[in-house]
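Naming convention: chains lettered A, B, ... in sequence-line order (proteins, then strands); numbering from 1 in each chain.
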Amino acid sequence: VSSPDAEELEGLLRRLAPQVLGALVRRHGQFDACEDATQEALIAAARQWPTDGLPDHPRGWLIAVATRRLVDELRAERSRRAREDIVADREERSGPAVGDAAMSAHDDALILLFLCCHPALTSASQIALTLRAVGGLSTGEIASAFLVPEATMAQRISRAKQAIKASGTAFELPPDDDRAERLRAVRHVLYLVFNEGYTATAGPDLQRVELAEEAIRITRMLHAMMPADGETAGLLALMLLTHSRRNARVTPDGALIALAGQDRSRWDRRMIDQGVALVERALATAAIGPYQLQAAIAALHAEAPSADETDWHQILALYTLLVRIAPSPVFALNRAVAVAMAKGPDAGLVELAAVESDDRLAGHHRVAAVRAHMLEFAGDRYAAAAAYRAAARLTTSLAERRYLESRAAAMPSIEADVETDEPAPTLSYMVTSKDEGENT
Amino acid sequence: MKYMLLIYDRPDTRELFSGPDGKAMREQMDDLMAELTASGELVGGEGLADPAQTRSIRGQDGVPVVTDGPLAEAKEHFGGYLIVDCDTADRATEIALRWPNALFASMEVRPIMNAGGGEEM
């Protein structure tokens, strides 16, 4: 038997993780204990398979080992309770494996996703539990991805499991009337994971899990389960189109490169093609939604041969539609950028003034950054410098601060008030938000 | 989002904590720490020794000079910190409001810069 290489093995284990957990919970109930047992089985496999070779039925092997661990744990738990002389009033839920064979592994993984993104959980807990139970990541890996101590992450996961237990949610798909809302929550969690990964990585760090890629992997899985769902396809397309730029968006020393300045030959064409195909199909066949529209905007950027050839009128039309179907101050801010690009900086500044009055954007560095770019575009470089500095003070990202400060420094100072030979600047860049919305 | 909660002390903070109200304040602190640990928001934190043990370094004409004692005498001094990972600045502020020092000295809530690549601008 040939031993699998490390990468193949990890991919296989992570793919099987939700299936194994699903099978266990379906048979024994007790999500929290099953989740622990599954993790232990994954660890055992990661240790044994490289030397012993792959078992004939990896999924069956994992389920068998996890079940053994679970039974041991439940037995130990029972004797603990007996020793403490506590009346065990809780029935062991180990009924027959009803419909086990009929239910596919896909259904299990889908139910797990819904469970991990349960509304009783905080968003931090939803993210942590999804990555562990569905993504098959260890607590240590998740902790290092979020730069928190392992104990902190372990606590989030444990609290998430308690909340699920307390909610009394059965291991089954949410009822139909609840399904759409719950699916929205699942997509949002995956979007948050993607954004965390997209903004977090500075240079290659082999020890850290690539959260953006993990989000794409799980979203791909979700899309495969429900290919007709337009918003899931839209989300996957948005992720792929955004991630296609990962090699072009920072210099080797970690400085941000604005979209207009990126070397488009370094964009990942395969990812772009996939993303474009997904969003085109979704727009043609499914009910329209915010992720599809954002993906369509990202696709227009991806397909423009150069920044100057970007179809800003089309992008503005899409943003106008987006703001109408999903009103949000961040989308409105992004729309203001599109107005500036399509109709000129003065029109953009007028639009920005209207957007700025929204209290939810108060103190948001993007507002100042957008204003700075528009002022620079309009030729008011003193005011632009002040706005860049204001934006630099408001951001909490070191890379963004560095970028904004360098823009401020590139504006002429009052003392050196002379004509420059520099070509007129163009405004073309990305505005993204961790909370909602993508792209301009 | 990670925040550092800077805890400021008065010269008599230690006496306050061992005085008649001390027990209630210590319990308040313990409860809050237990809550933050259980919620998975607590990232870390330390308390500092008395400012009398400080060594300060200050640049003078491009040369770092070491002196014993804090940089400046002040009514309040930095006494320790907590790092929390919260959903909102309001939540971090709420935690700071419940730390006993918020009643008799000061607290500051400051966002921590992330070293990540940021977003394309």
Side-chain angles (χ1 to χ4, degrees), chain A residues 122-125 128 146-149 151-160 162 195-203 242 245-246 248-250 254-262 363 366 369-370 372-373 391 395-404 407 429-434 438-439, chain B residues 1-8 26-48 78-99 102 106-121:
Chain A
T122 63
S123 138
S125 285
F146 284 88
L147 302 173
V148 298
T152 301
M153 194 50 79
Q155 203 51 50
R156 278 182 207 172
I157 290 167
S158 137
R159 178 168 252 214
Q162 284 164 20
N195 255 333
E196 181 72 27
Y198 192 67
T199 57
T201 44
T242 307
R245 299 193 300 266
R246 71 193 179 286
R249 57 189 285 273
V250 280
L256 288 178
I257 305 175
L259 182 59
Q262 290 178 12
R366 294 263 164 228
V370 166
H373 278 106
T395 181
T396 55
S397 153
L398 288 166
E400 284 174 1
R401 186 165 75 181
R402 188 170 150 200
Y403 169 83
L404 292 162
R407 292 310 309 153
Y429 60 102
M430 300 299 297
V431 177
T432 62
S433 159
K434 283 188 146 184
E438 250 280 331
N439 296 13
Chain B
M1 182 77 199
K2 294 194 189 83
Y3 296 87
M4 184 182 275
L5 313 188
L6 289 80
I7 303 163
Y8 288 90
R26 283 196 305 275
E27 281 171 4
Q28 191 184 340
M29 248 164 29
D30 290 346
D31 289 351
L32 188 53
M33 289 299 275
E35 177 188 321
L36 297 176
T37 304
S39 68
E41 290 169 296
L42 183 68
V43 175
E46 300 288 349
L48 304 185
F78 184 53
Y81 69 92
L82 294 176
I83 294 179
V84 291
D85 190 359
C86 307
D87 286 343
T88 63
D90 285 347
R91 168 65 183 155
T93 308
E94 191 230 335
I95 295 166
L97 278 169
R98 287 163 57 197
W99 197 260
S106 322
M107 301 287 295
E108 279 185 325
V109 179
R110 298 191 51 185
I112 293 179
M113 296 293 283
N114 59 74
E119 300 161 69
E120 290 156 68
M121 306 288 286

Check: Between B:Leu36 and chain A, which part of the residue has a heavy atom less than 4.5 Å away: side chain, backbone, both or neither?
Finding: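 Contact with chain A involves no heavy atom of B:Leu36 at all.
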Margin query: Within this structure, what is the CD1-CG distance for the pair B:Ile112 and A:Leu398, rounded to the nearest 0.5 Å?
Written below: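 Reported to 0.5 Å precision, the distance equals 11.5 Å.
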Here the gap from B:Arg91 atom CZ to A:Thr122 atom OG1, rounded to the nearest 0.5 Å, amounts to 10.5 Å
In short, A:Thr152 meets B:Leu42 closest at the heavy-atom pair OG1-O, 2.6 Å
Heavy-atom nearest pair, B:Lys2 first then A:Val148, reads CE-CG1, 3.6 Å
Item to complete: Could you tell me which portion of A:Arg402 (side chain, backbone, both or neither) has an atom closer than 4.5 angstrom to a non-hydrogen atom of chain B?
Response: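 Neither; nothing under 4.5 Å.
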I'd like to know if the side chain of B:Asp87 reaches the main chain of A:Ala124, judged simply by a donor and an acceptor atom lying under 3.5 Å from each other, with no hydrogens or angles considered.
no
With side chain to side chain contact (heavy atoms under 4.5 Å, CB included) as the test, would you mind laying out the steps for A:Arg156 and B:Asp85 before giving the verdict? CA-CA 11 Å; A:Arg156 278 182 207 172; B:Asp85 190 359; 3.0 Å; yes
Interface check, chain A: of B:Ser39, B:Cys86, B:Pro111, most non-hydrogen pairs under 4.5 Å belong to B:Ser39
